[in-house]
Amino acid sequence: MKTINYADLPTTYDANSTESEIYKFWEENECFKADAKSKKPPYSIVIPPPNVTGILHMGHAIDETLQDLLIRYHRMSGYEALWVPGTDHAGIATQNVVEKKLREKGQNRHQLGREKFLELTWKWANEHKGAILDQCKRLGASFDRTRERFTLDKGCSDAVKEVFVKLYEKGLIYKGAYIVNWCPRCQSAISDVETEYETEAGHLWEISYSLKDEPGAIVIATTRPETMFGDAAIAVNPTDYKYKDLIGKTVVIPLTGREIPIIADEYVDKKFGTGALKITPAHDPNDYEIGKRHNLKPIWVIDGEGKMKACAEVPAELHGLDRYEAREKTVAMLRYHNDLIKITDHEHNVGKCQRCHTTIEPLLSEQWFVKMEPLAKRAIEAIDKGEIKFVPERWTKNYLGWMENIRDWCISRQLWWGHQIPAYYHNETGEMVVAKENPDPSKYTQETDVLDTWFSSGLWPFSTMGWPNTDSEDFKKFYPTSVLVTGFDIIFFWVARMITMGYEFTGKAPFPTVYIHGLIRDEFGQKMSKSKGNTIDPVGIIDKYGCDALRFTLTSLCTYGGQDIKVSDEKFEYGRNFANKIWNASRFVLMNLEGVDDKPIEKSELTIADKWILHKLNATAKEVNENIKNYRIGETSHILYDFFWNDYCDWYVEIAKIQLRDEKIKLNTQRVLRYVLDMTLRMLHPIMPFITESIWQMIPGEKEEIAIMKSAFPTFSADFEYPAENEEMELVFETIKSLRNVRQSLNIPVSTQMDIEIRATEKEKPVFEAVIPYLQRLARVQEVIFEAENAPVPKKSASAVVGNSKIIIPLAGLIDIDEEIARQNKKLEKINKEKGSLEGRIKNEKFVANAPKEVVEETKAKIAELQVQADAISGLISSLKG
RNA sequence: GGGCGUUUAGCUCAGUUGGUAGAGCGCUUCCCUUACAAGGAAGAUGUCGGGAGUUCGAGCCUCUCAACGCCCACCA
């Protein structure tokens, strides 16, 4: 056995020197590995896969900490706990990174070709793949690395193909020309949820379109004049008297002279702009809908790069111009031809690509879609049936609102990095086959589009468990997973898709609970982002304060309502200080365990203080278990902090110092000290894994497990219930605090001797008698004398009323009587005020009649108690005066 | 235009079935008492955003107003 000289341990906790060693110890002993053959009940979580090229940020830190906490807690509570790690290929994001690298070398992907580009991207991904999960080690993540997955690996790809083909066969995937959000920079379609809207200051241009073959014109208003060359009609509201006579007539598009009709459609708002709307079906979603209703032919005038097409409909001067340049030039040309009537400032919402922030170009194009409504039905039912619950509950509404108004999901991306769509076209006939494999590579060519990244992420809870092989051990043991932990920002992107896909392909909800935590923000409440430069690097925080400090601080800031969490560097001092406190208190306990045996606590030898701390420990264990089960993580942290610091350190350890000097109870005190420390470390372990493991390893004695992370999590034990002693100790603490208050407020120096006389009630006297040494040491009292309850009070004395007893401190010549009288008067005033308010309630007949009996009784009892104290103080004051 | 959230001590925020307010930091005073100064002890500080209502009783429930923030929505 390793011998440790506890006195040599540093007085400040050094997280950096212990953490990596501890993590290695866990890995070497395969502590994170889950056994699918285990008889224990399963508990499983799949990590929200971080981007393969990503680096760890605070959002990961909170997310991973919460998952690890739940995993560790359940592992210690008798579950076979599996946490599946992995990364996401992150289609657009990763492709963007690699393309950027190419650009720096003056190349682009088209020069390389698809095959070479993918080779390069795979290389890049493989190099970075492990990095973010390695960073998670610094967070203490106890995931099972032997089960690490990647959304583009063989298993996930098989799952994707299986799902795609099945959905297609069921008619839930279709291909067609629809208007989609097109990112001209990514050169791809993106889905609705990947489009973010921003209010921008723009203009509303009013443009005059002349009538054909007759005088007169109609003036339309537009925010995008460059699209006018793609106009297919002008629409007005059928009830708009201004334009009634123009419906059916033909107008001429300025600058190009192409003729288009004036049509009537109820969509048009009479009050907006001029009440006349130009219709560009190929470049606006609403116009597309109107165009469909009126059989208008879409005319493409902007290409996939956001440049004006070189086609007959577009004036030659604009060919190849960027859409914004084209806009300026169009306006100038219109002005020159006197077709521009008016320009007004106009704020409007502009769609942006979530990934690169480029303004979206709505574009009519051939894309693949998932028909969502049939899938959403079951996902909505899941909530009604209580099969899936959101924590906090309010997110349910958000989820349902989206599901109930679901729109089809555009899943095709014109990228190269991703799951290539398993559709094959006949080289000659163009006939399309959707299948898991190419029916005949010599005759068929695969669809070039790839799938939206979230398509494979949506299968994550079961693709990682071996699905489509439903006989897989992991799938049978660990699916469905136990909980999904994530931020609210990806409810639509990810959570919703996992739920719909989970039901469709496994017939089950992928998880019964979605635990949504708040987002991490900077100290001013701003979202953290690289571009704003306000990010805090979790690894930097770990280096500076330690992992446990980071984890404890973050969890303590989690609220039941899932509010966003504001952090700043200094906030982590909170956790750092707590870790240091744990370290030092433990150091003290370890230093004082010399000679302790392996026997359990001897109940017959317990002192009142021992019973009190065991009772408190019990209460804490009960609360901690309840709170974790209800995802009240912040509360859990606070309870443990409070118990360890305020109960164990501030009171019990101080009292233990006294008991350790008493040979008769020394041994049992050591056992209690050790037991409470051991149990508290176990309860803290899911939150602060490193420091608890490192101290636990140093605790002397036999252990049932090799690591704290494998030990049993404490639960409520009826063995150590001591409610009476718990109450009595409150009286003792009150007494000590009162005596300290006397010393402080009357400026009695530490060096001055202080004796006390206790005039206790019959009931309270034995309590005081049992704790004389505590009073002497903790309140710095010399002699403790017991007097009759009604013994006269010495003139020059300070005093304290505690419970129903009086403590007198004779201080002849040491105190200013007037000051003491003032002090007592202040106390009396406070008591009387409180008593008065309670009496007011009791005097209220309605209160007595309506309030529950217990409340009324409690109030009466409290008044009586306050009365006793008030009387006692009054008596003391008059004897001081007399 | 809908929906959600926030408003509590100087600062950052807790506060689960309604019973009269808490923590951390900061502040004041004292203390290096042989675990810890990243510490110990004793304190001070709040008409719980405004208004109305329900109730014996409201930080908590209802309505309303205000400010700030977020999400969703096709108004050119």
Side-chain angles (χ1 to χ4, degrees), chain A residues 6-7 9 11-13 197 204-205 220-224 227 235 267-269 271-280 284-290 346 348-349 362 394-395 397-398 401-402 405 488-489 491-492 518-519 523 525 527 545 549 553 556-568 570-571 573-574 576-592 626-627 630 632 634-635 638 641-642 649-650 653-654 657 736-737 740-745 747 749-750 777-780 834 837-838 841 844-852 854-856 858-859:
Chain A
Y6 300 118
L9 293 172
T11 56
T12 301
Y13 174 59
Y197 288 88
L204 198 58
W205 285 275
I220 57 90
T222 181
T223 54
R224 302 196 55 195
T227 63
Y267 170 80
V268 182
D269 181 350
K271 289 192 280 292
F272 188 90
T274 62
L277 171 65
K278 69 192 249 336
I279 306 298
T280 321
D284 183 279
N286 298 312
D287 292 6
Y288 173 73
E289 290 302 319
I290 295 169
H346 180 64
H348 58 146
N349 285 335
R394 67 189 158 93
W395 292 108
K397 204 170 176 178
N398 188 266
W402 191 75
N405 296 293
F488 61 80
D489 50 336
I491 291 179
F492 303 149
L519 261 37
E523 58 189 310
K527 229 174 172 174
Y545 299 109
T553 303
S556 77
L557 293 172
C558 286
T559 64
Y560 186 58
Q563 297 304 329
D564 288 351
I565 298 165
K566 284 196 246 179
V567 298
S568 60
E570 305 81 59
K571 274 204 176 169
E573 288 175 8
Y574 176 62
R576 193 261 325 250
N577 292 354
F578 185 46
N580 196 232
K581 187 73 182 178
I582 294 171
W583 176 255
N584 279 299
S586 303
R587 208 162 54 85
F588 171 82
V589 172
L590 293 173
M591 283 190 286
N592 285 281
E626 278 170 7
N627 278 290
N630 290 308
R632 306 185 69 112
E635 191 67 13
H638 296 145
Y641 180 96
D642 188 55
C649 294
D650 289 349
V653 168
E654 292 307 316
K657 287 176 183 172
I736 293 167
K737 283 191 211 165
R740 286 167 173 173
N741 179 289
V742 167
R743 204 182 260 283
Q744 172 89 10
S745 49
N747 289 315
V750 186
R777 175 158 168 146
L778 301 179
R780 298 181 171 280
E834 199 185 337
S837 117
L838 292 175
R841 262 203 270 177
N844 183 341
E845 283 169 31
K846 285 181 180 169
F847 170 72
V848 179
N850 294 316
E854 311 89 74
V855 176
V856 178
E858 243 170 64
T859 309

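Remember, it's a predicted structure, so these values are computed and weren't measured experimentally. The sequence lines fix the lettering, A, B, ..., with proteins before strands; numbering per chain opens at 1.
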Next item on the list: For Arg740(A) and for Thr12(A), locate the closest nucleotide of RNA chain B by heavy-atom distance; then report the residue assigned to the nucleotide nearer the 5' terminus.
Entry: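 Nearest nucleotide further toward 5': that of Thr12(A).
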Next item on the list: By nearest nucleotide on RNA chain B, pick out whichever of Leu838(A) and Ala276(A) is the more 5' one.
Entry: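 Looking at the nearest nucleotide for each, Leu838(A) comes out on the 5' side.
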Return yes if the base of [N] and the side-chain atoms of [X] contain a donor-acceptor N/O pair under 3.5 Å, otherwise no.
X: Lys397(A); N: C4(B); value: no
X: Lys657(A); N: A35(B); value: yes
X: Tyr267(A); N: C74(B); value: yes
X: Arg576(A); N: A38(B); value: yes

Next item on the list: Could you verify whether a donor N or O on one side chain and an acceptor N or O on the other, from Lys566(A) and Ser568(A), lie under 3.5 Å apart?
Entry: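 No donor-acceptor contact under 3.5 Å links the two side chains.
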Notebook entry, point to check: With distance as the sole criterion, is a donor-acceptor pair present between the side chains of Thr280(A) and Asp284(A) under 3.5 Å?
Noted result: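 There is no such pair (donor and acceptor under 3.5 Å, judged by atom type) between the side chains of Thr280(A) and Asp284(A).
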Notebook entry, point to check: In which stems does RNA chain B show up, taking only runs of three or more Watson-Crick or G-U wobble pairs whose two distances fall under 3.5 Å?
Noted result: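 Consecutive-pair runs (3 or more) involving RNA chain B: B:1-7 with B:66-72, B:10-13 with B:22-25, B:27-31 with B:39-43, B:49-53 with B:61-65.
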Item checked: side chain to side chain contact (heavy atoms under 4.5 Å, CB included) partners of Glu858(A), counting only residues at least two apart ->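 None.
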Just call it for [X]: base, sugar-phosphate, or nothing, with non-hydrogen atoms closer than 4.0 Å on any strand.
X: Lys566(A); result: sugar-phosphate
X: Gly518(A); result: nothing
X: Glu289(A); result: nothing
X: Asn741(A); result: sugar-phosphate

Closest nucleotide among [options] to the [X] side chain:
X: His348(A); options: C74(B), A76(B), G40(B); answer: A76(B)
X: Gln744(A); options: A76(B), U29(B), C72(B); answer: U29(B)
X: Thr223(A); options: A35(B), C4(B), A76(B); answer: A76(B)
X: Met591(A); options: A73(B), G3(B), A35(B); answer: A35(B)
X: Arg587(A); options: G40(B), C36(B), C74(B); answer: C36(B)
X: Asp284(A); options: A76(B), U12(B), C71(B); answer: A76(B)
X: Asn584(A); options: C36(B), C72(B), A76(B); answer: C36(B)
X: Asn349(A); options: A76(B), G40(B), A73(B); answer: A73(B)

Does [X] make a side-chain N or O approach to OP1 or OP2 of [N] shorter than 4.0 Å?
X: Asn592(A); N: A35(B); result: no
X: Lys278(A); N: A76(B); result: no
X: Lys271(A); N: C75(B); result: no
X: Gln563(A); N: G5(B); result: no

Margin query: Would you say the rings of Tyr197(A) and His348(A) are close, in the sense that their centroids are separated by under 6.0 Å?
Written below: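 Ring-ring flag for His348(A)/Tyr197(A): false, centres at least 6.0 Å apart.
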Check: Do you know the tightest heavy-atom contact between Gly275(A) and Val268(A)?
Finding: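 So the two residues come closest at O-CG1, 3.4 Å.
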Next item on the list: Please report the C-alpha distance between Tyr641(A) and Tyr574(A) in whole Å, then the side-chain angles of each, then the deciding distance to 0.1 Å, and finally whether the ring pair (Phe, Tyr, Trp, His ring centres under 6.0 Å) criterion is met.
Entry: CA-CA 11 Å; Tyr641(A) 180 96; Tyr574(A) 176 62; 5.1 Å; yes
Margin query: I'd like to compare against my own output: the B/S/- annotation of nucleotides 21-27 of chain B with a strict under-4.0 Å heavy-atom distance to protein.
Written below: ---S---
Next item on the list: Treat primed atoms plus P, OP1 and OP2 as sugar-phosphate and everything else as base, then score nucleotides 52-58 of chain B 5' to 3': B for base contact with protein heavy atoms under 4.0 Å, S for sugar-phosphate contact only, - for none.
Entry: ----B--
Next item on the list: Cation-pi check, Arg632(A) to Tyr560(A): give yes when NZ or CZ is under 6.0 Å from the six-membered ring centre and within 45° of the ring axis, no otherwise.
Entry: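 Output yes; distance and angle both within limits.
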Would you tabulate the nitrogen or oxygen pairs shorter than 3.5 Å linking the protein to nucleotides 15-17 of chain B?
none

Dump every N/O contact between nucleotides 31-33 of chain B and the protein below 3.5 Å, one line per pair.
none

Note to self: Is it the case that the side chain of Asn584(A) and the backbone of Asn580(A) share a donor-acceptor pair, with hydrogens and angles ignored and the cut-off at 3.5 Å?
What the structure shows: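 Looks like yes, one N/O pair under 3.5 Å.
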Check: What class does the angle between the rings of Tyr13(A) and Trp583(A) fall in, given that below 30° is parallel, 30 to 60° is tilted and above 60° is perpendicular?
Finding: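 Judged by the thresholds at 30° and 60°, the geometry between Tyr13(A) and Trp583(A) is tilted.
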Note to self: Between Arg740(A) and Leu778(A), is there a side-chain heavy-atom distance shorter than 4.5 Å?
What the structure shows: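 Yes, side chains in contact.
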Check: Could you state the interatomic distance from CZ (Arg587(A)) to CG (Asn592(A)), rounded to the nearest 0.5 Å?
Finding: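 Taking CZ in Arg587(A) and CG in Asn592(A), the distance rounds to 11.0 Å.
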Next item on the list: For G19(B) and C61(B), measure between their C1' atoms and round to the nearest Å.
Entry: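 Roughly 15 Å separates the two C1' atoms.
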